[in-house]
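Below is one structure, written out as C-alpha cells; the observations come after it.
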Amino acid sequence: MLNKAPSNVSFPKLEEDVLKKWEEIDAFQKSIDNREGSKEFTFYDGPPFATGLPHYGHLLAGTIKDIVPRFWTMKGFKVDRVFGWDCHGLPVENEVEKILNISGKKAIDEVGVEAFNNKCREIVLRYTGEWEKTVKRMGRWVDFKKGYKTMDLDFMESIWWVFKQLWDKDLIYKGTKVVPFSAALGTALSNFEAGQNYKDVQDPAITILFKLIDDDAYMAAWTTTPWTLPSNLALCVGPDIDYVKVLDKETGKKIYFAQARLSVYSKKKEFEILETVKGSQLKGLKYEPLFDYFADLAEDGAFQILNDNYVSTDNGTGIVHTAPSFGEDDNRIVKEAGLKLDACPLDNEGLFIDPVTDYKGQFVKDADKLIIRRLKDEGKLFDHSQIVHSYPFCYRTDTPLLYKSISSWYVNVESFKDKLVASNKNIRWVPEYIKEGRFGNWLEGARDWAISRSRSWGTPLPIWENNTNGKRICFGSVEELEKISGKKINDLHREFVDPITFTVDGEEGEYVRVTEVLDCWFESGSMPYAQKHYPFENVKWFEENFPADFIAEGIDQTRGWFYTLVVLGTALFEKNPFKNVIVNGMILAKDGFKMSKSKKNYPPAEDVLNEYGADALRLFLINSPVVAGKDLKFSEEGVKDLIRAVILPLWNSYSFLTTYSHVDGWGPEKGLQKSENQMDQWILSKLQSLIEQVDTEMQNYNLNKVVPPLVDFVGYLTNWYIRLSRRRFWKSENDGDKFQAYSTLYQVLVTFSKVMAPFLPFLTDYIYCHLTKDDATETFESVHLNDFPQPDKSLQNKELELKMDLVRKAVELGRGLRAKHQLKTRQPLQSVTVVAQDKNNKQYFIELNELIKNELNVKEVVVSNDESELVHRSAKPNLKLLGRMYGKQMKEATVLIKELDEETLVSLSSGGTVNILDKELGEEHVLIELSPKEGFVVDSDQGVTVALDTDLNDDLKKEGLARELVNRIQNLRKDASFEVSDKINITLNGDDAINESLKIYGDYLKNETLATNLDMGILPDKSDISESYDIDGIKVNIAVTRN
RNA sequence: ACGCCCGUAGCUCAGUUGGUUAGAGCGCAUCCCUGAUAAGGAUGAGGUCACUAGUUCGAAUCUAGUCGGGCGUACCA
C-alpha cells in the first residue's frame, strides 16, 4: 500500500533529501556500473577555470551536460562523465600578481618562476569546493574524484605528445606576432585582456608624403600613430582601387591617393588630375624612406608598394602606411609579400631605443608631436587633423596600449583549413545555423594559431634549442626527456624542466629549453587525449570511443573550445572530435543587459535554488530560447512559473493518488489491472505519444522542444483525466472500476517519472521510489537506474485521442457559454446540442456523451448534423491555393468569395462547385466559418458547434440547490479539517425551497458528503462546525458533526 | 568599426517554403469551479510585429538601410 504524500511539501528540502539518498546508495556510480559491457556514449566536459565561482552560464551548461547523458544512460548506454579543471593561464597568473602585488613578466622573473608557480598551484583549486557543491546541488551527475586537471603530470605529458605530433607533421613554426602591449606593466596582454577597456579617444590623424624613386611624385598615406612612422617599411594599396595622380596647385607636387578620397582632400586644396591608375599598377614601386634609421632594410625589400584587399577607402588616402612591427595586418601583408622585415625600436616600457636616436628614451606617444613637427618642417606633411576613434587601454593601469611584434610559436592552421571544413561537415550543430554560419565562417577565415605565451604558469613548450647552432629538438613524452637528460622527472612545469640542459654527441653547444609556455586553449583543445593520458594509457578505449558523441558549451566558445578541439582533432587524426554539440546562448539579466555583479541585476543562484529548487531551475533553463543558441533574459518569475505549470501539478497528482489509495489500502502489490474505461485508455495513449515525442526530440538533441509536450501532458493529466475521474477515486464502493483507476494513475505516474527523470531528477526520483516500493516489477532504488520507457503500441489509440479532442473542444465551448450567460456549472441544465458535420465526429459525440453530460452538468446530449438553425456560414478564400491561380485578380476574387450566400456554401460543402472569375472553385478553395446566430446560446469553433438549452424547470432548480448545499457542506468538512473518509451527521434548517429540494435529493446529498444522518430542524447546541448561508436569496443554516 | 544572432501583448516567448481575424503562458480585470488546494476553468482588455524604404495580388516572414541589445573579432592604416 502506498504512503500518503506529506501534506506540505518543500521542493528544495525534498531535493536535499534525494541528494542525501543518492550519496548513500552511490546512485551515480551505479548508473554507470549498471551499464558495464554496454556500448559507450562518450561525453567531454569543457573545463572551467576554477578561479571564479560558478554563475548561471555554468549552471545552464551543466544542466544540458546532465540531461543528455542521463537520457542516454536510460537508453542503455554507459556514459562516463568526469569533471575537468582548467588550471593554467593568465587568469590564474593575474590573481597571483594581485596577491603578490606585482605586475608584468619582469616582476615574475624577480620573484622567480618557482615561487610564482607555487603560488599559482596554491590558489588554482581554491574554489573547487564551491563548484562541486553547486554542481551537485543542481542535480548534475559528474565524477569529481576522477576529474582531470590540466596541471597534472599525465595531462601535461599528453599535451607534449599532441605538440610533438604537430611538430612531426611540420605544423609548428616560429614567427612574429603583433600583440597588445602595456608599457606601464611592461608586458604583452592577451586579446581578451585588451578587449576589456576600449575607449573613444582623440588622436592626431596626419597625411604624409612618401617620395617615389622612379617617378617625380609622392604617395600620400594616412596614420593616427605618428610614432610608428620611423618604422615604416612599406606602403599598401588595394589592387582594384582606382588611384589618381594629382597636381597640388599650391606646392606643385604630384601626389597619388585613392580617387574615392579626392573629394575629402579637395575641400582644402586645389588639384588638377593628371592620371588614374589601378592599385595593382602601383605594386612594386619603390620610395624613399621617411627617416634613415632603417634605410638599409631597402636591401631586404623594404620601402616598396604592396597590394592587399584589406585596404579600404573609408578614411585616409587609400594608401596604408605599413609598419610590420606594429600592426597585425601590416605584419601579415609584409609576410605574404615574402619579405622578412622587422623594425621595432622600442623597449618594454614603450621608450624609443636605437637606432631611433633622435627620440631615444622618449615615450613613443609623447614623441608624436615632435615627429609631426619635423615632418612639417621637411615639407612631408600633407595634412594634419584630429580623429576620435575607439582605442584599447590597459585594463589595469588605464594607459593606452601599444601594439608591437614579439616572437611566437604558431600552428600552421591555414595549411589544413580544407580539412577543418571537412571535419565540420560531420558535426551535428544544435542550433544548426551555427555550423555554416558563425563556426563555418570562422573556419573559412582561419589564421595560423599563435600557441605560445611568454609566461610562467602553463605547460612548457617541449622544445630545446641548441645555443650554438640553433638546432631544435621536440619531446613528446617524459621518457624521452628522462633518457636524454638522465634525470627522473615528476613534474613538467617550468621550474622543473627549464634547468634541464643537455648536449648531443658530435654537436657543439648546449640544448636549452625555449622559454615559452603553451596557451591554455591548446590544453583545452587537447583534452580528449590528455584527460585519458592517451597514448600512454587507454589506447584501446580511446580508439573505440574517440569522436565524442556529445559536448555542450556556450556560443562564446565558437572561437574558443569548439575551435581548438576541431583544429587539434583534425590535425592529429583528420577527424571531428565530437559528433553532436549543443550551443547555448548567453544568459542575460532581467533587464536585457548582461548579468553584472556591480549592477546587482540578477538574484544569486543560491537563493533561487533555496527558494524554488533545482528541478524548477533546470526546467526553466531548458524551456527557454537559450538552448536554441539565443539569449535568455533570466527572471525569477520564470522559474516560479515552471513550479506552477509542471512541478506542483505533478506533485498534486501524486498526492491525489496516494491520498485515496491510502484510504482503500490499495497499492501496486495488489496487482495492476488493465482498464476498460475510456478515460484510462485515453491518458495511457497520450502517455505513449509523449514517450515517442520526448524520445525523438532527445535523439535529435532538441532539448528545447521537450518541455512543451511535458507541460501539455501535465495539463491533460490534471485538467482532464484527474478532474473528470475524481469521482471514480473517491466513490465509496471498492469495485473493479476504482482499482482500474488506481492502476492507471499509478502506471501513468511511474512511467511519467521515468520520462521526465533526465529533466526533473529529484522530484521524479522521489515520486518513483515512493510509488514503487512495493512493486515487484519495479525493483530499482532510483528512477535513474531504469531504462527509458518504450512506447507501448498496444496502448496507443489515436482515434480515441482524436475523439477526446473533439469532446474537450465541445466542453470548452459549453463552459464558455455558461460563463458568458452567467449559468453556474452547479445548476443542471436540460440539454446541450452538439453539432458535428463529419459522420465520424457525430459518432464520437454519441459514444462519449457521458463525459459531456458530466462536465457541462446537463441531463441530455443531443447530437445533430445540421447547424444551420444555430449558426451563420461565411466564406473566405484559401489564399495559399488561390493566390497562385488568380495572381493580380486576387483582390477582386476575395470580394466575390466573401459575398457568397449560405446556400452556395452549403452546396460547396456537399461537393458542389462555384464559378468565380472564370475559375471553378470547390470546397477546398474556400474556408467556411461559422458564427453564432443572435438569440441562441450557441458558440462554434473549428467545426464544432455547441448550443445550450437554458430553460430551467422546478426540478432542475431543486437539483441545483441540492448541489449548492453539497458544496457548502464539503467546504465545512474541509474547514473542520475532517479526513476525506470521516462520516458525519448533518443538521440543517432554512427556507421552504431547501425542504423541497431535499425531499428529492436528500439521499444524494448524504451520499456526496458521507453523511450517515441528515436531520431537518433546529441546530444542536454542540457541533463541530456550523454556518449560515444565503444561496441566491435562499437562507439556510447548517451544522456538521463528525461521528 | 566589422561579422553572426536577436528585437512580436505589461513580462517570457511561438510564428513552418510569404497567405486568411498574428498566437501561447504568465500578469491584470470579470465570472466560474473546487475534498488534488502553494490549485483549476472560462471570458475580456492589451499589438503601428523596433523604425524607414522596397519587392509582391498579399510581408511579422524576403531585400536594403536606420536604431537598440547580445556574442565574437578589432589600433582597420
Side-chain angles (χ1 to χ4, degrees), chain A residues 5 8-9 178 180 191 194-195 198 203 221-225 228 235-236 310-312 314-323 326-330 389-392 400-403 433-434 437-438 441-442 445 554-556 558-560 585-586 588 590 592-594 623-625 629-633 635 637-638 640-641 643-645 648-649 651-657 659-660 708 711 718-719 722-723 726 729-730 812 815-820 822-826 876-883 886-894 927 929 967 970-971 973-974 978-980 1009:
Chain A
N8 47 5
V9 59
V178 175
N191 272 329
Y198 271 83
D203 268 325
W222 184 80
T223 184
T224 57
T225 50
T228 62
L235 293 172
C236 189
Y310 94 111
V311 177
S312 79
D314 296 342
N315 49 30
T317 60
I319 299 171
V320 180
H321 146 59
T322 302
F326 299 117
E328 184 142 17
D329 281 318
D330 307 37
H389 62 165
S390 86
Y391 193 89
L401 296 179
L402 307 176
Y403 278 71
Y433 61 79
I434 294 181
R438 196 180 269 233
N441 292 342
W442 181 246
I555 194 162
D556 52 335
T558 314
R559 283 113 200 248
M586 296 291 121
L588 308 179
K590 210 172 159 180
F593 295 98
K594 52 175 132 183
N623 191 34
S624 74
K630 296 179 193 168
D631 295 334
L632 162 70
K633 285 183 225 164
S635 82
E637 289 74 31
K640 215 161 133 192
D641 284 349
I643 297 237
R644 254 208 292 253
L648 211 44
W651 177 262
N652 286 339
S653 306
Y654 164 71
S655 164
F656 177 83
L657 171 65
T659 301
Y660 289 101
V711 172
T718 60
N719 293 333
I722 292 184
R723 215 164 53 81
R726 272 179 301 195
F729 288 86
W730 77 55
E812 201 176 284
R815 280 206 288 247
L817 286 172
R818 275 187 175 270
K820 245 181 260 171
Q822 302 195 335
L823 298 161
K824 288 185 181 183
T825 315
R826 259 185 243 121
K876 278 192 305 190
N878 184 344
L879 290 173
K880 241 178 187 168
L881 286 178
L882 298 185
Y886 285 107
K888 296 206 178 200
Q889 283 184 303
M890 197 57 239
K891 268 185 186 152
E892 214 180 319
T894 301
L927 303 162
E929 288 183 343
N967 167 254
Q970 301 287 38
N971 285 341
R973 284 185 63 116
K974 195 159 53 162
F978 293 171
E979 290 296 317
V980 291
T1009 58

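Bear in mind the structure is a predicted one, so any value in this text is a computation, not a measurement. The sequence lines fix the lettering, A, B, ..., with proteins before strands; numbering per chain opens at 1.
Within 4.0 Å of A:Glu979, counting heavy atoms only, lies at least one base atom of the nucleic acid. Residue A:Gly638 is out of contact with every strand shown, counting any heavy-atom pair closer than 4.0 Å. Using a 4.0 Å heavy-atom criterion, one finds that A:Ile722 contacts the bases of the nucleic acid, with or without backbone contacts as well. Among the protein residues, A:Arg438 comes within range of the nucleic acid bases, having at least one heavy atom under 4.0 Å from a base atom. Here A:Ser635 lies out of heavy-atom contact (under 4.0 Å) with every strand. Heavy atoms of A:Asn967 sit under 4.0 angstrom from primed sugar atoms or phosphate atoms, though from no base atom. Within the nucleic acid shown, A:Pro625 comes within 4.0 Å of sugar-phosphate atoms alone, with no base atom in reach, counting heavy atoms only. Using a 4.0 Å heavy-atom distance criterion, A:Tyr654 is classed as making no nucleic acid contact. Using a 4.0 Å heavy-atom cutoff across all strands shown, A:Leu235 reaches no nucleic acid atom at all. Backbone-only engagement by A:Arg826 is indicated by non-hydrogen atom pairs under 4.0 Å involving sugar-phosphate atoms exclusively. Looking at heavy-atom distances under 4.0 Å, A:Gly316 makes no contact with the nucleic acid at all. Using a 4.0 Å heavy-atom criterion, one finds that A:Thr225 contacts the bases of the nucleic acid, with or without backbone contacts as well. The residue A:Tyr886 sits apart from the nucleic acid: no heavy atom pair falls under 4.0 Å. Counting non-hydrogen atoms under 4.0 angstrom, A:Lys876 reaches a base of the nucleic acid.
You'll find that the side chain of A:Lys880 is closest to B:rG19, out of B:rC33, B:rG19, B:rG69. Comparing B:rA36, B:rC33, B:rG70 by their closest approach to the side chain of A:Tyr660 singles out B:rA36. When distances run from any side-chain atom of A:Arg644 to the nucleotides B:rG72, B:rG27, B:rC57, the shortest one goes to B:rG27. For A:Asn719, whose side chain is taken as the heavy atoms from C-beta onward, the closest listed nucleotide among B:rG69, B:rC57, B:rG41 is B:rG41.
In terms of the salt bridge (Lys or Arg N to Asp or Glu O under 4.0 Å) criterion, residue partners of A:Arg815 (sequence neighbours excluded) are, by chain and number, A:Glu855.
Remark: the separation of the C1' atoms in B:rC11 and B:rA1 is 34 Å, to the nearest Å. For B:rA42 and B:rG25, the P atoms lie 8 Å apart once the distance is rounded to whole Å. With P as the reference atom, B:rG70 and B:rG15 are 23 Å apart, rounded to whole Å. Separation of the P atoms belonging to B:rC2 and B:rU66 is 8 Å when rounded to the nearest angstrom.
When rounded to the nearest whole Å, the span between CD of A:Glu637 and P of B:rG10 equals 17 Å. Here B:rA36 presents its P atom at 13 Å from CG of A:Leu657, a figure rounded to the nearest Å. As a whole-Å value, the separation of A:Lys630 NZ from B:rC13 P is 9 Å.
Within the 4.0 Å cut-off from OP1 or OP2 of B:rA42, not a single side-chain nitrogen or oxygen of A:Thr825 is found.
What you find for A:Asn623 and A:Pro708 is that their closest heavy atoms are OD1-CD, 3.7 Å.
Base-pairing analysis of RNA chain B finds the following stems of at least three consecutive Watson-Crick or G-U pairs, with both pairing distances under 3.5 Å: B:1-7 with B:67-73, B:10-13 with B:23-26, B:28-32 with B:40-44, B:50-54 with B:62-66.
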Checklist entry - When you look at A:Val320 and A:Tyr310, which way does the side-chain contact (heavy atoms from CB on, under 4.5 Å) test go after all the steps? => result CA-CA 10 Å; A:Val320 180; A:Tyr310 94 111; 3.3 Å; yes
Next on the checklist: Evaluate A:Met586 against A:Asp556 for side-chain contact (heavy atoms from CB on, under 4.5 Å), listing each step before the verdict.
Outcome noted: CA-CA 8 Å; A:Met586 296 291 121; A:Asp556 52 335; 3.1 Å; yes
